[in-house]
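Here the structure is a predicted model, which means the values were calculated and not measured.
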There are 2 protein chains.
Amino acid sequence: MPTSTRTTAERVRAAHLGPDRRRPQVLDAALQVAVKRGLGAVTVGAVAEELGVTRPVVYACFADRVQMIEALLDREQHRLADVVVQALRSTGVSDDPEQAFVTGFQTWLRLAGEQPGTWRLLLAGQPDPAIRERFDAGRAAFTQQAAAWIGPAMQRWWHTEDLDRKLPVLVELFLSSCEAALRSMLDGADDWTPEELGEFLGRAIHRAFRDA
Amino acid sequence: MPTSTRTTAERVRAAHLGPDRRRPQVLDAALQVAVKRGLGAVTVGAVAEELGVTRPVVYACFADRVQMIEALLDREQHRLADVVVQALRSTGVSDDPEQAFVTGFQTWLRLAGEQPGTWRLLLAGQPDPAIRERFDAGRAAFTQQAAAWIGPAMQRWWHTEDLDRKLPVLVELFLSSCEAALRSMLDGADDWTPEELGEFLGRAIHRAFRDA
DNA sequence: CCAGAATCCTACGCCGATGTAGGAAAAAGA
DNA sequence: TCTTTTTCCTACATCGGCGTAGGATTCTGG
């Protein structure tokens, strides 16, 4: 049984790829492990086993465990950022704020639903102290990006007063709402399509922000 | 230097308390460690050092590391539940939905600000697999509690249609909004009092839910 | 004041994960 | 085909955290 069932049984010798071609595979395996058992479970051994390879092969790709996880976080963060940019672009066509919220959430949820694993990483929360700094930095980047979009938009649409003071709080609220949308999308909600969910939540969150 | 500066220097022999009186101290120390360095850093050794005691003393209070953390989570969850109950009670006096949201958030944020450590635990996210189950169970309990309050309230106030389908999504949104409020309260917002923040966010979230 | 009980501390063995060295197998080149 | 190079695997040493045994110290009751 060379394929499928990965019991702890004897493994076939892995293909002769070399570090450069092996590296993306390692990150894929690391992502699998992180999604299934949390970032804390991403050990060199676990990743190697997931990939069907021994640990030294992983060490040939990354100097140590921390660099491996940082590489994973880098890659996934870029993927996420791309999706966010696409979602933001999709809102540009409309001058109606409510419609902007709705289409933004719709395209974002649709794209996010296509690579659930990457997004679950974001919801997982930080693991051991070694990664914490890098993880928080990623979150901070998103916060900044969100602020850079929400601030001008609210100024332009509604001339919200005292925006300087309110903005940090609103950004936090916005990001948390996005998390809620994501959870609803990835977990239970089989009876919601991305379009339905995006419209429902986009409208609700728009109401919260409009008269802030 | 028997007090203060906890370098790694020689320690004084700890007082003769015994497991029963020592146990709450151990949980206090564990909470400190969790807040400072994350739940993943709550090892028996770290807790013992934080408390100024050797590891066997901790083992005299709890059978193993998992039971210690579970005891911590139990205690903190009860504290949290008490606060939530108080906040919910405070909304009962008013029949105006918006006012209910506002006073609810206000009392909750005020009480939460008094024991920040306990609440930061909630934001920290799950650590290793051993605790994950217990941690998720706590979150599920809050979800259920929120659903039990939001559902009837929305039915009574606004006769929201198709509530069965919407409720799970709305509960998720509500909890995430609470997290946002908490983050704003505990982190940056020095220029927001609990009353101001509760009014601002309570109103915003009320708008999101009213016409859902 | 002294025996006995309760409590704390030192010291140990164990296990899982890390990171490394050197030999075996596969690919590449002559 | 035979040699050289690349890549993978087995085996090892190390480290940190877990959990326990037994001696040292402090409290307590007579």
Respond yes when some side-chain nitrogen or oxygen of [X] is under 4.0 Å from OP1 or OP2 of [N], and no when none is.
| X | N | result |
| --- | --- | --- |
| Arg11(A) | dC9(D) | yes |
| Arg22(B) | dC8(C) | yes |
| Arg65(A) | dT18(C) | yes |

Do Arg79(B) and Val83(B) come within less than 4.5 Å of each other through their side chains, counting heavy atoms only?
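Answer no - side chains too far apart.
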
Side-chain heavy-atom pair Gln67(B), Asp64(B) within 4.5 angstrom cut-off:
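In short, these two side chains touch, coming nearer than 4.5 Å.
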
What nucleotide, of dC8(D), dA21(D), dA17(C), holds the atom closest to the side chain of Pro56(B)?
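Output: dA21(D).
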
Over how many whole Å does the gap from [X] atom [atom1] to [N] atom [atom2] extend?
| X | N | atom1 | atom2 | value |
| --- | --- | --- | --- | --- |
| Leu17(B) | dC9(C) | CG | C1' | 15 Å |
| Leu39(B) | dG17(D) | CG | P | 16 Å |
| Met68(A) | dG19(C) | CE | P | 9 Å |
| Arg23(A) | dC8(D) | CZ | P | 11 Å |
| Ile69(B) | dG19(D) | CD1 | P | 10 Å |
| Tyr59(A) | dC9(D) | OH | C1' | 15 Å |
| Leu51(A) | dC9(D) | CG | C1' | 14 Å |
| Ile131(B) | dC18(D) | CD1 | P | 11 Å |

Considering heavy-atom distances to DNA chain D, does His16(A) or Arg13(B) have its closest nucleotide positioned more toward the 5' end?
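Counting from the 5' end, the first nearest nucleotide belongs to His16(A).
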
Within the 4.0 Å heavy-atom criterion, would you say [X] contacts the bases, only the backbone, or no part of the nucleic acid?
| X | value |
| --- | --- |
| Thr54(B) | base |
| Ala63(A) | nothing |
| Ala15(B) | sugar-phosphate |

Could you walk me through whether Glu179(B) and Phe174(B) pass the side-chain contact (heavy atoms from CB on, under 4.5 Å) check?
CA-CA 9 Å; Glu179(B) 279 192 21; Phe174(B) 183 76; over 6 Å; no

Please determine if Lys36(A) and Glu50(A) form a salt bridge, counting it only when a charged side-chain N lies under 4.0 Å from a carboxylate O.
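Salt bridge between Lys36(A) and Glu50(A), a charged N being under 4.0 Å from a carboxylate O: yes.
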
Take the angle between the ring planes of Phe101(A) and Phe105(A) and call it parallel below 30°, perpendicular above 60°, tilted in between.
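Plane angle under 30°, so parallel.
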
Would you kindly compare Arg55(B) and Arg21(B) by the position of their nearest DNA chain C nucleotide and give the one closer to the 5′ end?
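Looking at DNA chain C, the more 5' nearest nucleotide goes with Arg21(B).
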
